[in-house]
Amino acid sequence: MFTFESQGRCLTVAEARDWQQAMARQIVCCDDVGDVYTVAGVDVGFEEKGSVTRAAVAVLDFPTMRLVDFAIAQLPTCMPYIPGLLSFREAPAVLTALQQLTVQPDLLLCDGQGRAHPRRFGVACHVGLLSGIPAIGVAKQRLCGEHDALPVEKDSLVALMDGQETIGSVLRSRTGVKPLYVSIGHRISLTSAVHFVQDSLAGYKLPEPIRWADGLASSRGKIVEKASRILERSI
DNA sequence: GCGACAG
DNA sequence: ATCTTGTCGC
């Protein structure tokens, strides 16, 4: 029986799944967003052969998509990747990074599923509920659900279904590239979620906030330096 | 039993 | 996710 540390307590995989099912009932799936002046991208990377979890949050002005703040948190990795339990592995570092921010984001775009999850509680729901901030899940790959064929043109959109239930939207953010799997995280409707994702695109497959978070989470190159220079310039 | 399986 | 250079195409 595999167990892991979460919120100062040891959980078994079965207990973690039960917790997700219970927490999913607290997710607000209608719009409770207010005016959005800042949107943050959230992503996680791993260092030291996976022993260190590195979360990055990049806050951008909306809708100009200018970087206005960012934070990086490195914590020891608490558990391996288990499909469906990704958030237990990533949320601690993400929540830590969120607390380090100077500029509080009005909306979160999380790299991963939100409601499009077997128990309707992907990482975007987990982070959104525990932080209290409206959140959207933006995944590059499907975890569950089925959908009709999607036209190759940009802005094509089809529903992601699990039986008769709509759990998300499949959006072609760029012509000819693999689509994005958009689903609600917390305090937002699916329709608004898709609109915010589209309004955060800047010609690339991924929304700008997530592109920034991706770079900052993977610690590659001189992205942190570049981000730092942009921030001091805007002071 | 077999196939699927976010990051 | 991560290990990694060049390369084909819009």
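From a predicted model like this one, the values you see are computed outputs, not experimental measurements. Quick note: numbers below take in every heavy atom, side chains included, and nothing from hydrogens, waters or symmetry partners. Below, chains carry the letters A, B, ... as their sequence lines are ordered, and counting in each starts from 1.
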- Message: Evaluate Ile72(A) against Arg54(A) for side-chain contact (heavy atoms from CB on, under 4.5 Å), listing each step before the verdict.
- Response: CA-CA 7 Å; Ile72(A) 292 170; Arg54(A) 171 182 175 122; 3.4 Å; yes
- Under 4.0 Å protein heavy-atom contact, by nucleotide of nucleotides 2-7 of chain B - B base, S sugar-phosphate only: --SBBB
For nucleotides 7-10 of chain C, give me every protein contact, N/O to N/O, under 3.5 Å, one pair per line with atom names.
none

- Task: If a pair satisfies ring-ring contact (aromatic ring centres under 6.0 Å, His included) and one of its residues is in residues 49-82 of chain A, list it, with sequence neighbours excluded.
- Result: Phe62(A)-Phe196(A)
- Message: Can you list everything that forms a salt bridge (charged side-chain N to carboxylate O under 4.0 Å, His left out) with Lys140(A)? Sequence neighbours excluded, please.
- Response: Asp111(A)
- Query: Checking Gln113(A) side chain against Phe121(A) main chain: does a donor-acceptor pair fall under 3.5 Å?
  - Reply: no
- Message: Between Gln21(A) and Arg119(A), is there a side-chain donor-acceptor contact under 3.5 Å, judged purely by atom types and distance?
- Response: no
Side chains of residues 85-94 of chain A: which donor-acceptor pairs under 3.5 Å do they make with residues two or more places apart or in other chains?
unit_1, atom_1, unit_2, atom_2, d
Ser87(A), OG, His126(A), ND1, 2.8
Arg89(A), NH1, Met79(A), O, 2.8

Please table the atom pairs, donor to acceptor, closer than 3.5 Å between any side-chain atom in residues 97-106 of chain A and protein atoms at least two apart or in another chain.
unit_1, atom_1, unit_2, atom_2, d
Gln104(A), NE2, Leu101(A), O, 3.4
Asp106(A), OD2, Tyr37(A), N, 2.7
Asp106(A), OD2, Thr38(A), N, 3.1
Asp106(A), OD2, Thr38(A), OG1, 3.4

- How far does CG of Leu201(A) sit from CZ of Arg174(A), to the nearest 0.5 angstrom? 10.5 Å
Hey, can you pull the donor-acceptor pairs under 3.5 Å for the side chains in residues 214-222 of chain A, sequence neighbours left out?
unit_1, atom_1, unit_2, atom_2, d
Ser218(A), OG, Asp214(A), O, 3.1
Ser218(A), OG, Gly215(A), O, 3.2
Ser218(A), OG, Arg220(A), NE, 2.7
Ser218(A), OG, Arg220(A), NH2, 3.3

- Query: What would the secondary structure line of DNA chain C be in dot-bracket form, counting Watson-Crick and G-U wobble pairs under 3.5 Å, with [ ] for pairs that cross earlier ones and | for pairs with another strand?
  - Reply: ..........
- Note on the structure: Expected list for residues 168-179 of chain A near DNA chain B, using heavy atoms below 4.0 Å, is none
- Query: Is the closest side-chain donor-acceptor distance between Thr53(A) and Thr77(A) under 3.5 Å?
  - Reply: yes
- Task: Scan residues 180-216 of chain A against DNA chain B and write down, sorted by residue number, each residue with any heavy atom closer than 4.0 Å; if none is found, say none.
- Result: none
- Task: Working to the nearest 0.5 Å, report the span between CG of Leu190(A) and SG of Cys30(A).
- Result: 13.0 Å
- Item | Strand DNA chain B as a dot-bracket string - pairs counted if Watson-Crick or G-U with both distances under 3.5 Å, | where the partner lies in another strand | .......
- Shared-cluster residues of Tyr181(A), by chain and number - hydrophobic side chains joined below 4.5 Å: Leu150(A), Val158(A), Leu160(A), Ile167(A), Val170(A)
